Amino acid sequence: MPRDVAILVGSLRRESFTRKVAKSIAAMGGDKLAFRFVEIGALPLYNQDLETDAPPAEWVKFRDALRPAEAVLFATPEYNRSVPGVLKNAIDVGSRPYGKSVFQHKPAAVVSVTGGALGAFGANHHLRQSLVFLDMPALQQPEMYIGGVAKLLDQQGEVGNEDTRKLLQKFVDAFAGWIETNKR
Ligand SMILES: Cc1cc2nc3c(=O)[nH]c(=O)nc-3n(C[C@H](O)[C@H](O)[C@H](O)COP(=O)(O)O)c2cc1C
């Protein structure tokens, strides 16, 4: 059985480059990883006052979708050298109520995407800081910083560049191994 891997995409933009890269990755799981997208755009902003016996329905839906996942792939753009607020909000929602985080102990991997030159390094590493507190073992190598993304995509919006495809496949294969080593 392939491992169930949730993908969270940190961009809500219709033509998001990050989602396009994530879609190409999602097609590379073979018989080892079955990726599925879990949407984060409708989540109300985290407010601890709403953490009652009846939290917002979207929070419940999101937590229920994440809970059975065996691993999580975070695909993030970079906003102001950090993670977009929408993704940080999803992390905060999934991490609570205290002691019931849907992320805890799940192996994770991070891919950061930008049209710019620096590969969204700032977002990638700010995100890794949260993964430490979430107690998610995060794949170290290969690091996946996708810069200059527009020229790597083909007309169908898939990663068409052969070198990048090879790199992404290596990343997916390493993640599959990482999940087997770190699953609980
Ligand atoms: C609020 C905002 C802040 C941004 N800050 C950065 C940044 O710090 N570094 C960077 O490389 N690109 C930055 N960008 C440009 C994004 O990389 C670009 O919009 C990219 O297309 C976003 O990813 P997406 O295509 O998946 O939506 C920023 C864009 C926005 C809207």
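Computed from a prediction, not measured in an experiment: that's the story for all the values here. For ligands, and for the atoms within them, numbers begin at 1 and follow the listed sequence.
Residues R67 and D64 are paired through a salt bridge, judged by an N-O separation under 4.0 Å between the basic side chain and the carboxylate. Using a 4.0 Å cut-off between charged side-chain N and carboxylate O, R165 and E158 make no salt bridge. Between R96 and D92 there is no salt bridge, since none of the side-chain N atoms of the basic residue sits less than 4.0 Å from a carboxylate O of the acidic one. Checked for salt-bridge contact, E180 and K32 miss the test: no charged N lies under 4.0 Å from a carboxylate O. A salt bridge is defined here as a Lys NZ or Arg NE, NH1 or NH2 lying under 4.0 Å from an Asp or Glu carboxylate O, and E70 with R36 fails to meet this definition.
By the 4.0 Å heavy-atom criterion, V113 is excluded from the residues contacting ligand 1. In this structure, P77 counts as a contact residue of ligand 1, since one of its heavy atoms falls inside 4.0 Å of the ligand.
Distance screen at 4.0 Å: atom 19 (O) of ligand 1 has no protein heavy-atom neighbour inside the cut-off. Protein heavy atoms are found less than 4.0 angstrom from atom 7 (C) of ligand 1. Distances from atom 28 (C) of ligand 1 to the protein include at least one heavy-atom value under 4.0 Å.
Protein heavy atom nearest atom 13 (C) of ligand 1, with residue, atom name and distance: E78 O, 3.1 Å. What sits closest to atom 5 (N) of ligand 1 on the protein, heavy atoms only, is N80 N, 2.8 Å. The nearest protein atom to atom 17 (O) of ligand 1, hydrogens excluded, is given as T114 OG1, 3.3 Å; this is a heavy-atom distance.
The shortest N or O to N or O distance between S11 and ligand 1 is under 3.5 Å. Looking at ligand 1, you won't find any N or O of E15 less than 3.5 Å from one of its N or O atoms. Polar contact check, F17 against ligand 1: a nitrogen or oxygen pair lies under 3.5 Å apart.
One finds the CD1 atom of I91 at 10.5 Å from the CG atom of L66 (value rounded to the nearest 0.5 Å).
Considering V21, T18, V159 in turn, V21 is the only one that fulfils the side chain to side chain contact (heavy atoms under 4.5 Å, CB included) rule with V149.
Donor-acceptor pairing under 3.5 Å is lacking for the side chains of Q48 and Y46.
Near T18, with a cut-off below 4.0 Å to any heavy atom, the atoms of ligand 1 are 23 (O), 24 (P), 26 (O). Heavy-atom proximity to R81, at under 4.0 Å, picks out these atoms of ligand 1: 7 (C), 8 (O), 9 (N).
For the pair R81/L118, a side-chain contact is recorded, criterion being any heavy-atom separation below 4.5 Å from C-beta on.
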